[in-house]
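This report concerns only the one structure given below.
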Protein chains: 2
Amino acid sequence: MALEKLDTGIRREQIVEAALGLIAAHGVGRISVAALARRVGIVPSALYRHFKNKEEILQAAVQLVRRRVGENLKEVCEATPNALERLDQLLRRVMKMVRELQAMPRIVFSEGMSSGHPERKAQAYAMLKEILGEIENIMRQGQARGEIRSDLDARALAVMFWGMVPAAVILWHMSDGRFDVTRQAERTWELYKEGIRAR
Amino acid sequence: MALEKLDTGIRREQIVEAALGLIAAHGVGRISVAALARRVGIVPSALYRHFKNKEEILQAAVQLVRRRVGENLKEVCEATPNALERLDQLLRRVMKMVRELQAMPRIVFSEGMSSGHPERKAQAYAMLKEILGEIENIMRQGQARGEIRSDLDARALAVMFWGMVPAAVILWHMSDGRFDVTRQAERTWELYKEGIRAR
DNA sequence: CTCCTATGTGAACATAGGTTCACAATATAT
DNA sequence: ATATATTGTGAACCTATGTTCACATAGGAG
């Protein structure tokens with residue numbers, strides 16, 4: 001209707017943004033090009049001026065999420081040298097992203113579990129490995145600095161730390177928001193922190 | 001082809017079993033009545049002799065999983081009174097179910113995240129609450145018996161314990177089995193156990 | 001201002017998937 | 001053995017959804 005013509009760069013951004021919104025609301029598997037186009041304000045066939053097909057749009061969305069997660073990780077590591085503080089901030093950030101950029105957990109879970117296109121799965125896995133690797137680094141550095149018990153396996157610590165997130169997210173989603181993620185995360189984090197702190 | 005006629009009770013079981021297999025292999029969202037019927041050895045339309053529609057089949061599958069999980073929980077609790085041993089066995093059992101009855105994690109995750117039909121979601125949530133409640137009970141009893149630190153919140157302990165499972169499962173799935181769940185679970189569990197043991 | 005290319009539109013097409021229906025064949029009870 | 005109810009079959013259907021295409025139009029380059 002409007003028939004406003006925008007540069008393909010801008011439109012691509014709009015489309016990916018819209019895709020993220022839909023993923024957040026309904027999950028990766030339930031995106032339709034119709035809904036996507038409606039959200040952007042154009043007609044379905046117009047999407048194909050900017051992307052080869054639906055799959056390409058989804059991959060772009062996954063990549064965008066991955067980039068944002070990466071930026072967050074870096075910022076946290078530059079904020080403070082103290083490992084426990086880093087972890088504390090990281091958890092807060094992730095929880096915030098989970099709340100605001102809900103597309104992230106949906107992508108990690110859907111792609112990881114529902115085995116969509118292999119490319120997307122690979123992307124999601126790469127993102128996850130990035131996150132886990134960074135957490136593991138924080139752990140090692142914390143151990144080297146004498147802030148975290150050195151008798152514990154850094155990798156296991158990292159997996160366990162990260163594990164608090166999916167647990168909270170699943171409970172949150174399944175309970176339709178009735179489950180208080182933030183509070184739960186705080187408590188679990190306290191527990192965890194006391195357990196790993198050097199003594 | 002075969003045209004063997006079986007009692008609707010038997011066929012229902014076969015169908016649900018086939019559904020569980022497909023869920024395990026491809027996730028809840030990707031089940032087609034065609035594939036389901038093929039697996040059972042009948043034609044798609046024949047399914048409708050035994051179930052009202054696809055949704056009813058999926059719900060039956062979810063319920064079956066829920067029942068099996070419940071049975072497992074009971075058996076674990078009757079096996080030993082010691083809380084730490086119970087948790088140990090519970091983790092092993094769950095990991096075994098995750099490997100053998102892969103439909104379980106897929107249902108919990110897919111239903112929880114991808115918001116399928118509200119009824120299924122409710123079922124999955126009920127199952128999850130059952131599990132969490134049971135774990136919480138074990139924690140409390142362990143605290144009462146002086147086996148688990150009493151200064152920790154039983155609910156947070158339960159969520160954290162349970163959280164080890166989704167974490168491991170996600171990593172396993174995303175890595176296409178390259179990630180060694182069992183070993184990871186062992187390590188994390190050791191970590192966790194040491195953290196909560198009364199001293 | 002005038003082209004020409006990039007973008008948007010509507011309609012049509014293709015496919016996949018769930019469901020229904022008329023009919024056939026088997027099991028079971030009498 | 002026959003009749004009746006139950007189960008299975010194939011075809012058709014309906015809808016949703018991804019995609020293509022011919023055509024229209026906006027907007028910048030010349």
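These figures come from a predicted structure and were not determined experimentally. First the proteins, then the strands, lettered A, B, ... as listed; each starts at 1.
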Q. What nucleotide among D/dT19, D/dT7, C/dT20 has an atom nearest to a side-chain atom of A/Asn53?
A. D/dT19
Q: Using modelled atom types only, decide if a donor and an acceptor are shared between the side chain of B/Ser175 and the backbone of B/Trp172 within a distance under 3.5 Å.
A: yes
Q. Atom CG of B/Leu6 to atom P of C/dA27: distance rounded to whole Å?
A. 9 Å
Q: Ignoring hydrogens and angles, tell me if any N or O in the side chain of A/Glu85 forms a donor-acceptor pair with the backbone of A/Ala79 under 3.5 Å.
A: no
Q.
Closest-nucleotide mapping onto DNA chain C: is A/Ile42 or B/Ala34 further toward the 5' terminus? I mean the 5' end.
A. A/Ile42
Q: May I have the distance from B/His50 (atom NE2) to D/dA5 (atom C1'), rounded to whole angstrom?
A: 14 Å
Q: Return the value, rounded to whole Å, for the distance between atom CD of B/Glu4 and atom P of C/dA27.
A: 7 Å
Q) Within this structure, what is the CG-to-P distance between B/Leu47 and C/dG18, rounded to whole angstrom? A) 10 Å
**Q.** B/Asp7 side-chain proximity, nearest of D/dT9, D/dG18, D/dT7
**A.** D/dT7
Q | Rounded distance in Å - NZ (B/Lys52) to P (C/dG18) | A | 15 Å
**Q.** Nearest-nucleotide pick for B/Lys5, side chain only, options being C/dT19, D/dT25, D/dT6
**A.** D/dT6
Q) So what does A/Leu36 hit on the nucleic acid, given a heavy-atom distance under 4.0 Å: a base, only sugar-phosphate, or nothing? A) nothing
Q: Return no unless some side-chain N or O of B/Lys54 is found under 4.0 Å from OP1 or OP2 of C/dG18.
A: yes
Q) Looking just at side-chain N and O atoms, do A/Gln123 and A/Glu119 make a donor-acceptor pair shorter than 3.5 Å? A) no
(Q) So if I take every side-chain heavy atom of A/Ala46 and compare against C/dT9, D/dG18, C/dG18, which nucleotide ends up nearest? (A) C/dT9
Q | Between P of D/dG18 and CZ of A/Arg38, the distance in whole Å | A | 11 Å
Q | Nearest-angstrom distance from the residue atom CZ of A/Arg49 to P of D/dT25 | A | 15 Å
Q.
Tell me whether B/Lys54 contacts the main-chain N or O of B/Ile31 through its side chain, where contact means a donor paired with an acceptor under 3.5 Å.
A. yes
Q. If you check the B/Thr8 side chain, which of C/dT20, D/dT7, C/dT7 turns out closest?
A. D/dT7
Q. Which part of the nucleic acid, if any, lies within reach of A/Ser45 when heavy atoms closer than 4.0 Å are counted: base, sugar-phosphate only, or nothing?
A. base
Q: Examine the side chains of A/Gln59 and A/Glu55 and answer whether a donor and an acceptor come within less than 3.5 Å of each other.
A: yes
(Q) What contact category does B/Ile31 fall into here, base, sugar-phosphate, or nothing, at under 4.0 angstrom with non-hydrogen atoms? (A) sugar-phosphate
Q. C/dG18 P sits how many Å from B/Tyr48 OH, rounded?
A. 7 Å
